[in-house]
Number of protein chains: 2
Amino acid sequence: MEADERAERGERILDAACELLLAWGYRRVTADEIARRADVGKGTVYLHWKNKDALLLAVVLRAKAADHRRQLDRMRADPRDILPSRALRGALLDFMDDPVLRALYLDDSDILGRLHDIAKKELVELVEAGHETLRSQLSTLRAHGLVREDLSVDQQMYVCLATVTGYVQAEVLLPDHAPGRPEERADLLCHTVRTALEPHGDPDPRAVAAAAPGVITRYARLEELSRQEVRRQLRQ
Amino acid sequence: MEADERAERGERILDAACELLLAWGYRRVTADEIARRADVGKGTVYLHWKNKDALLLAVVLRAKAADHRRQLDRMRADPRDILPSRALRGALLDFMDDPVLRALYLDDSDILGRLHDIAKKELVELVEAGHETLRSQLSTLRAHGLVREDLSVDQQMYVCLATVTGYVQAEVLLPDHAPGRPEERADLLCHTVRTALEPHGDPDPRAVAAAAPGVITRYARLEELSRQEVRRQLRQ
DNA sequence: TGCGTGACCAGATTCGACATCTGGTCACGC
DNA sequence: GCGTGACCAGATGTCGAATCTGGTCACGCA
């Protein structure tokens, strides 16, 4: 059997599941309809995933992997994006663009239903790895003078996580008062994190260039891990 | 009839309702049990409030009024608490202390049930007034050089609201990673807001003293408005 | 020979009629 | 004349019947 064909079919099933998940929500999505939209028999769905939850979890994991991918691409295109302010700015823009991430981070139970709880349990490892990546990123940047040392690394992690959480939640909690353009809101997050953690003035390009490879390597590892998690849901 | 006695009875009913709301949640609270705990007949409850929702809304409004009261007391005790970083630090500590505010701001539907939706509709005016107070506070402090002018007032409002939202949500979303002591978490919020909005270095005490009366007057007005809203729920 | 399929079944979910509970009223009595 | 609790209509909960759906597997097509 063609491995490529199998993989392509798997993607088609994921696409159909993703479409249905966003349109109907977890509770209303049926294995029958996923198979119909993906143009395969229902049994074929179960040749790829052991059950419906594993399939829908894979939809969420694929969105997260794509998110990590975009983050990594940005850092490779412009190393200044390794700075926490710029990295979180990008993360917020990605979040605003991707309806699956929106549903996941806003805990939209209309869409995710109990999938959120399942995802939380299954993603513990990945979230932990994300936190470790952030910790390592902050440590590296401190060593290069790109992040201040007036707070501990743990405190800076909390600042990053709490602040980005606020801007994410603000997307739904403060629909009025929000500056109209997504970029403007992302720039405000950037400003908040930069002033909280980074030294004044523009970052030294040589320090950025020196710190980039290490940070990018860690993010590449995180991206690889998230792609692994998508595959891990597959039956074989 | 003694007006004092009536008011005292009203408080007792509010206390009982508050206790039950936190212990049982909106859905399980009954007018019968509130009356029993407050040692009054059920009819008496309805002499004070036109229905159960108005009573439970009054519970929430009373918590919000007490919150405004504490904020005002702090500003009067130490005028430096008019600075946004210090004001939001206090707001976060208050939030962490008061279970009703916790339920309200975290949208705890186990406790509030549909009361949250009712409150959102009824509180539009008060929330709007709170935002106007914040806007006026920022303008006043900018005029006294206590808040920077590198962002617009609207942008600074969004920074305040989004950031405090994040630290509030972080209380439940990041139970691990959170520094153990509430004060430490509040200090991190203080740091974040201060670096985002305020000039470097300690604030000029004379500028603070000059700006304080105006800001305190606005907060006093807000507190009065919130007390009015509690009374407005009463039947007479 | 082996991958893909859809009819099939057990168990989960939904529905709706019936029973119980509770918000709000008001005639009574202290 | 204010406070009360018995009372009632409508809201809410219960539980079995009917329907739906996840997951399997015997079959057939390539």
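Proteins come first, then strands; the chains are lettered A, B, ... in the order of their sequence lines, and each starts at number 1. Values in this document were obtained by computation on a predicted structure and should not be read as measured data.
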Nucleotide nearest [X] (side chain, heavy atoms from C-beta), chosen from [options]:
X: B:Lys52; options: C:dG24, C:dT5, D:dG3; result: C:dG24
X: B:Lys42; options: C:dG4, C:dG23, D:dG23; result: C:dG23
X: A:Tyr46; options: D:dT24, D:dG3, C:dG24; result: D:dT24

When you measure from the side chain of [X] to the backbone N and O of [Y], does any donor-acceptor pair fall under 3.5 Å?
X: A:Arg37; Y: A:Ala17; value: no
X: A:Thr163; Y: A:Cys160; value: no
X: B:Arg12; Y: B:Ala38; value: yes
X: B:Thr133; Y: B:Ala129; value: yes
X: A:Gln71; Y: A:Ala87; value: yes
X: B:Thr44; Y: B:Val40; value: no

Quick check with a 6.0 Å cut-off and a 45 degree axis cone: is A:Arg185 positioned over the face of A:Tyr167's six-membered ring?
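Checked: cation-pi criterion not met.
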
Would B:Lys52 and B:Tyr46 count as a cation-pi pair here, with the cationic atom under 6.0 angstrom from the ring centre and within 45° of the axis?
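Pair B:Lys52/B:Tyr46 does not count as cation-pi.
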
Polar atom pairs (N or O), protein with nucleotides 25-30 of chain D, under 3.5 Å:
none

State whether B:Arg9 places a side-chain N or O below 4.0 Å from either non-bridging phosphate oxygen (OP1 or OP2) of D:dC2.
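For D:dC2, neither OP1 nor OP2 has a side-chain N or O of B:Arg9 closer than 4.0 Å.
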
Output yes when at least one side-chain N/O atom of B:Thr44 is less than 4.0 Å from OP1 or OP2 of D:dT4, else no.
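B:Thr44 to D:dT4 OP1/OP2: side-chain N or O found under 4.0 Å.
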
If pairs are Watson-Crick or G-U with both distances under 3.5 Å, what is the dot-bracket string of DNA chain C, marking crossing pairs with [ ] and pairs to another strand with |?
||||||||||||||||||||||||||||||

Given B:Tyr219, which of B:His68, B:Gln137, B:Arg74 fulfils the side-chain hydrogen bond (donor to acceptor under 3.5 Å, both in side chains) condition?
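When B:His68, B:Gln137, B:Arg74 are each tested with B:Tyr219, the side-chain hydrogen bond (donor to acceptor under 3.5 Å, both in side chains) holds only for B:Gln137.
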
Gap between atoms [atom1] and [atom2], on [X] and [N] respectively (whole Å):
X: A:Lys50; N: D:dT24; atom1: NZ; atom2: C1'; result: 16 Å
X: B:Leu47; N: C:dC28; atom1: CG; atom2: P; result: 18 Å
X: B:Asp53; N: D:dA11; atom1: CG; atom2: C1'; result: 13 Å

Identify the two heavy atoms, one from B:Gly113 and one from B:Tyr26, that lie closest to each other, and give their separation to 0.1 Å.
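B:Gly113 and B:Tyr26 have their closest heavy atoms at N-CB, 4.0 Å.
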
Are any of the side-chain nitrogens in A:Arg62 or A:Glu11 under 4.0 Å away from the carboxylate oxygens of its partner?
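A:Glu11 and A:Arg62: salt-bridged.
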
NA contact type, B:Val45, heavy-atom cut-off 4.0 Å: base, sugar-phosphate, or nothing?
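If one applies the 4.0 Å heavy-atom cut-off, B:Val45 turns out to touch nothing in the nucleic acid.
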
Strictly below 4.0 Å, heavy-atom distances to any atom of DNA chain C: list the hits from residues 10-39 of chain A, or just say none.
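Within residues 10-39 of chain A, the residues near DNA chain C are A:Arg27.
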
